[in-house]
Amino acid sequence: MNTKAKITGSEAMLQTLIKEGVETIFGYPGGQVIPLYDCLYDFSDNLRHILVRHEQGAVHAAQGYARVSGKVGVALVTSGPGATNTITGIADAMMDSTPVVIISGQVPATLLGTDAFQEIDVIGIAQPVTKWAYQIRKPEEIAWAVSRAFYIASTGRPGPVALDFTKDAQTGMVNYEYHKVNYIRSYQPSPDIDEEAVSAAAETINAANKPLALIGQGAILAGAEKELLTFLEKSGIPAGSTMLGLSAIPSAHPLNKGMLGMHGNVGPNRKTNECDVLIAIGMRFDDRVTGNPNHYARQAKIIHFDIDPSEISKNIRADIAVVGNVKDTLSAVSARLRPAAHKEWLASFTSDEAEEREKVINRELTPPSGSKLRMGEIVHKISKASGDDAVLVTDVGQNQMMAVRYFKHRRTRSVVTSGGLGTMGFGLPAAIGAKLGAPERVVCLFVGDGGMQMTLQELGTIMQERLDIKIILLNNNYLGMVRQWQELFYNKRYSETTMQNPDFIGIGKAYGIRSRLVCSRSELDDAIAEMLGSDGAYLLVADVEPCGMVYPMIPAGTVITNIIMGEQNNE
């Protein structure tokens, strides 16, 4: 006879979350999840709930939390529109391999399929953009399903999991017993290392004259930063980073040659088509990195390190595939490498760096006196003022590209941005999660006037939680990146990209957030010092040049060496 006291499904859910190490939940209550929220009332000492202002914000906040902390982010919402409002965030997490668990309330199991009020097929909608989606209909399933969800979300190539939680499962009684899930038949999160592939990779790298490493977010997700540095320093290989791979190694490291991609640095982009061995580490050869794949690194032998076998030769054919957790595979290859320096190859980056500094960087960071503020100079000044040690959060667009180009990093997990999906509105809620995930660090959010207004309501969350987030709004009264494409490729036909904006300072003050408008270069340094020296949230609105451009730029679908440096290329 079982003498254990029964508890409700809601309590079983919260007990399991605690046992899985959850401390913070981002959510928004509603009718079909009230029993769980009612139970949460008694768990406030163990679980901190952050009341967002929109369910999409809950997922983006959970993403920001996961990205800086390395833990699984958790979002809790109700059924129907509450659940469907999370889909953009879930898809974003799937594209960027972010471990989050989304729990949605659902109508009682007896009403499923009846088109009951706020019923929606969450599993059918979520399956294409999750690693796993499951509907909990009985309280007996809770402990198993939740632990399984965390195991799937956090292992292998991380990603989102959706749990749909019927109301009767929340209220039903269960003899609760927690069992940690750490094995699932047919699911191998970290493939066994192929020693032949390791040996082949090492031999190829040892024979290389002009090797180049491409660092993706996989190195960060694996916690392989130390192994990565050992690999690079022993072999003397220069490295470029994808946008999500930024901060895997310090910006100032002599082997760090900057960012890859459409708006990346000239050196690593050009050298991709000059190297003799290309070593991809935890990256997926996104089209923004490769340009036209038919003309990408055709001269090089390609070695691809990745934990996900499906990424191998998906976009770019790999000559050698080293499948497995890069923390382990990098160490295995490094042990077989001969120390090397590649001094001439490294020196060849100098001319590219000088050209980019002359034609792009100096123009952005030291513009003519009397000209309007530029995004790049603002980002650069704030990075330096923060000691290059803040967490950078961005929205999407020109603000994003300028921020990742000119904000520098000294330690890992310092960049939170939307990569694969490119979600405008990501920045503000993601900054909330980032601050809660790393409360001891300065969090600087760079956002444009377009993206700011997509999730503006989350200023209410910042106000209620008294979060110390530094918000830098780069206001050009345009949808800047679309306008840039219209200027370059659509004969300057600026269709629906001009924006009439509200009084952002007034809005910031209405939320009790200290706010300041900067229009001139002469007041910028003082405003930055005031922002970084203040306690609590701060909104710095900078009026920047309305038609600024992000350079360099590689037009979409072209060869990655087809680099536009500025207006002089278009005369």
Side-chain angles (χ1 to χ4, degrees), residues 63-64 66-68 70 92-93 95-99 157-159 211-233 235 237-265 267-269 271-272 275 278-291 296-297 302-308 311 314-316 322 325-327 329-330 388 391-394 396 400-401 403-422 430 434 554 560:
Q63 289 177 269
R67 294 270 283 273
V68 300
D92 193 287
M95 290 285 282
D96 287 351
S97 303
T98 305
R157 181 179 182 172
L212 177 65
L214 310 184
I215 303 170
Q217 188 189 199
I220 297 173
L221 295 173
E225 294 89 347
K226 181 179 178 181
E227 290 78 9
L228 174 63
L229 271 180
T230 298
F231 171 83
L232 295 175
E233 290 173 349
S235 59
I237 297 177
S241 294
T242 67
M243 184 171 66
L244 295 185
L246 292 171
S247 84
I249 62 174
S251 301
H253 195 285
L255 292 174
N256 189 344
K257 297 305 176 182
M259 186 174 73
L260 302 157
M262 178 176 284
H263 295 287
N265 295 104
N269 278 326
K271 298 305 182 187
T272 297
C275 65
L278 188 69
I279 306 141
I281 303 170
M283 53 89 73
R284 60 189 178 86
F285 289 111
D286 174 73
D287 64 286
R288 286 297 194 261
V289 167
T290 66
Y296 181 81
I302 294 177
I303 303 170
H304 194 170
F305 289 78
D306 209 289
I307 199 169
D308 185 355
E311 289 297 343
K314 184 178 78 175
N315 297 325
I316 299 296
V322 187
N325 188 312
V326 296
K327 188 177 181 70
T329 55
L330 280 175
D388 294 338
V391 174
L392 168 67
V393 185
T394 85
V396 168
Q400 176 187 36
M401 292 298 107
V404 295
R405 278 186 55 81
Y406 295 110
F407 210 90
K408 304 304 178 184
H409 316 284
R410 293 168 55 190
R411 49 178 156 165
T412 190
R413 293 191 177 272
S414 291
V415 179
V416 180
T417 191
S418 174
L421 199 63
I554 301 170
I560 59 170

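When a residue number appears, it is its place in the shown sequence, counting from 1.
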Tell me the closest heavy-atom pair linking [X] and [Y], and the distance in Å.
X	Y	value
Ala222	Lys327	O-CD, 3.6 Å
Val68	Val416	CG1-CG2, 3.5 Å
Gly264	Asn269	C-ND2, 3.9 Å
Ile249	Leu228	CG2-CD2, 3.6 Å
Val393	Ala434	CG2-CB, 4.0 Å

If we ignore hydrogens and angles and just use 3.5 Å, is the side chain of [X] paired with the main-chain N or O of [Y] as donor and acceptor?
X	Y	answer
Lys257	Pro268	no
His304	Met283	yes
Asn325	Ile307	no
Arg405	Met259	no
Asn256	Pro250	yes
Glu227	Val326	no

Name of the residue among [options] meeting side-chain contact (heavy atoms from CB on, under 4.5 Å) with [X]:
X	options	result
Leu330	Ile281, Leu232, Thr230, Ile279	Ile281
Ser247	Val404, Ile215, Val415	Val415
Ile316	Leu278, Ile302, Val289	Ile302

Stepwise side chain to side chain contact (heavy atoms under 4.5 Å, CB included) test for His253 and Leu229: CA-CA 10 Å; His253 195 285; Leu229 271 180; 3.6 Å; yes
What distance do [X] atom [atom1] and [Y] atom [atom2] have between them, rounded to the nearest 0.5 Å?
X	Y	atom1	atom2	value
Thr329	Asp306	OG1	CG	9.0 Å
Gln217	Leu246	CD	CG	10.5 Å
Glu311	Arg157	CD	CZ	4.5 Å
Arg413	Glu225	CZ	CD	7.0 Å
Leu214	Thr272	CG	OG1	5.5 Å
Thr412	Lys226	OG1	NZ	14.5 Å

Is the number of heavy atoms from other residues, nucleotides or ligands under 6.0 Å of Lys314 NZ greater than 12? yes
May I ask you to test the [X]-[Y] pair for a side-chain heavy-atom distance under 4.5 Å?
X	Y	answer
Pro158	Thr98	no
Asp96	Arg67	yes
Leu221	Ser97	yes

Start with the C-alpha distance between Arg288 and Met243, add both sets of side-chain angles, then the distance that settles side chain to side chain contact (heavy atoms under 4.5 Å, CB included), and finish with yes or no. CA-CA 10 Å; Arg288 286 297 194 261; Met243 184 171 66; over 6 Å; no
Got a sec, which residues hit side chain to side chain donor-acceptor pair (under 3.5 Å) with Asp92, two or more places apart in sequence or on another chain? Gln63, Ser418, Thr423
Those residues at least two apart in sequence (or on a different chain) that pass ring-ring contact (aromatic ring centres under 6.0 Å, His included) with Phe231 are none
